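Note that the coordinates shown come from a computational prediction; the quantities given were computed from them, not determined experimentally. Counting convention: from 1, in listed order, for ligands and their atoms alike.
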Amino acid sequence: MPIPRRIIIDTDPGQDDAVAILLALGSPELEIVGITAVAGNVPLGLTEKNARKICELAGRPDIKVYPGAVRPLVRRPVTAEHVHGKTGLDGPSLPEPTMPLQEQHAVDFIVETVMNEESGSITLCPLGPLTNIALALNREPRIAPRIREIVLMGGGFFEGGNVTPTAEFNIYVDPHAADVVFHSGIPIVVMPLDVTHKALTTAKRVQAFRALGSKVGEAAAALLDFFERFDEEKYGTDGGPLHDPCVIAYLLRPELFNGRQCNVAVEIASELTMGMTVVDWWGVTDRPKNALVMRDIDADGFFALLTERLGRL
Ligand code: RIB
Ligand code: CA
């Protein structure tokens, strides 16, 4: 077994975040050095609690969860209880966590870990607004060249947005933070709506989780039964897009995805297109190609991987 890839998951659980965390916990190829919570789908007080609930669901109370930013860098907070429910983890009834929340702030944890661990050994996996990542980069710019890669869920281009016609939620909530990240010079892989909208939680796929016959399988199915209803109604599809697990699946099996190295710029001025990720897919500008932007996924392969790994918990 090769040395596990060391990752920090930055997250705003959120049902799809929860499934991403479970996928990571079921995958021995990955070592979760820490989970940093950020305000996003629901306020921080809930995202940090939900992260701990999921770790305990997976039997991993040893995982360290750190509280992060309570609000975006500049913009007023925007949440998504209408999608995720008032707890942010509606669907299954999960017990209150007993594992402790870490005292250290998430941003201090990210800076300290990247500065103290071997350079190039830490991968950041943001699944929510990029506030914590931007605060860490602003706090200590020396971390940028020491970070191996950032693999994030966010943005959209051919698919448009899901909060406004042009902006995806994670980027829309904190466009200024996203601007900092995309200018950081760190190697970035982007899982935008263009790829996550091709990873739909169809009834057959959710049933495969239930058929695992485990506590985790049942909880994952219940999470997705709740989560998908909003997008099924909006898009008229069988199932909803399973966004965040695409980040973890890329680390495990990058061949499931296909994309292109291109420039991504974030709108931070116009209210009309605030938070839009402007992707120069056709290379019509001389802007630096700062991100590998994914556009296609082997959805059956993705769900087969997800089901197999959830089955290990
Ligand atoms: O737009 C989808 C993203 O916003 C996902 O990460 C979801 O969890 C929410 O954070
Ligand atoms: Ca998320």
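- A 6.0 Å sphere centred on NE2 of His183 holds no more than 12 heavy atoms belonging to other residues, nucleotides or ligands.
- From the protein, the heavy atom lying nearest to atom 6 (O) of ligand 1 is Asp244 OD1, 2.6 Å.
- Geometrically, ligand 1 and His243 share no nitrogen or oxygen pair separated by less than 3.5 Å.
- From the protein, the heavy atom lying nearest to atom 3 (C) of ligand 1 is Glu168 OE2, 3.3 Å.
- The nearest N/O/S atom of Asp244 to the Ca ion (ligand 2) is OD2.
- Atom OD1 is the N, O or S atom of Asp12 at the shortest distance from the Ca ion (ligand 2).
- His197 pairs in a ring pair (Phe, Tyr, Trp, His ring centres under 6.0 Å) with only one of the listed residues (Phe158, Phe157, Tyr235), which is Tyr235.
- Arg253 forms no cation-pi arrangement with Tyr250, by the criterion of a distance under 6.0 Å to the ring centre and an angle within 45° of the ring axis.
- Backbone or side-chain N, O or S atoms of Asp17 reach the Ca ion (ligand 2) at under 3.0 Å.
- Given atom 4 (O) of ligand 1, the protein heavy atom at minimum distance is Asn170 OD1, 3.1 Å.
- Connection of Leu224 to Phe169 is not established within any shared hydrophobic cluster, with ILVMFWY side chains joined at heavy-atom distances below 4.5 Å, either directly or through further cluster members.
- Among Thr79, Asp16, Val19, Val163, the residue whose heavy atom lies nearest to atom 5 (C) of ligand 1 is Asp16.
- Listed by number with element, the atoms of ligand 1 under 4.0 Å from a non-hydrogen atom of Asp17 are 8 (O).
- Note: the hydrophobic cluster containing Val83 also contains Ile21 (ILVMFWY, side chain heavy atoms under 4.5 Å, direct or indirect links).
- Looking at every heavy atom in both residues, Arg52 comes nearest to Met99 through NH1-O, 2.8 Å.
- For Phe182, there are no ring-ring contact (aromatic ring centres under 6.0 Å, His included) partners two or more places apart in sequence or in a different chain.
- In Leu127, the part holding a heavy atom less than 4.0 Å from any atom of ligand 1 is the backbone.
- Within the 3.0 Å limit, Leu127 places at least one N, O or S atom next to the Ca ion (ligand 2).
- Taking the six-membered ring for Trp and the full ring otherwise, Phe230 and His82 have centroids separated by under 6.0 Å.
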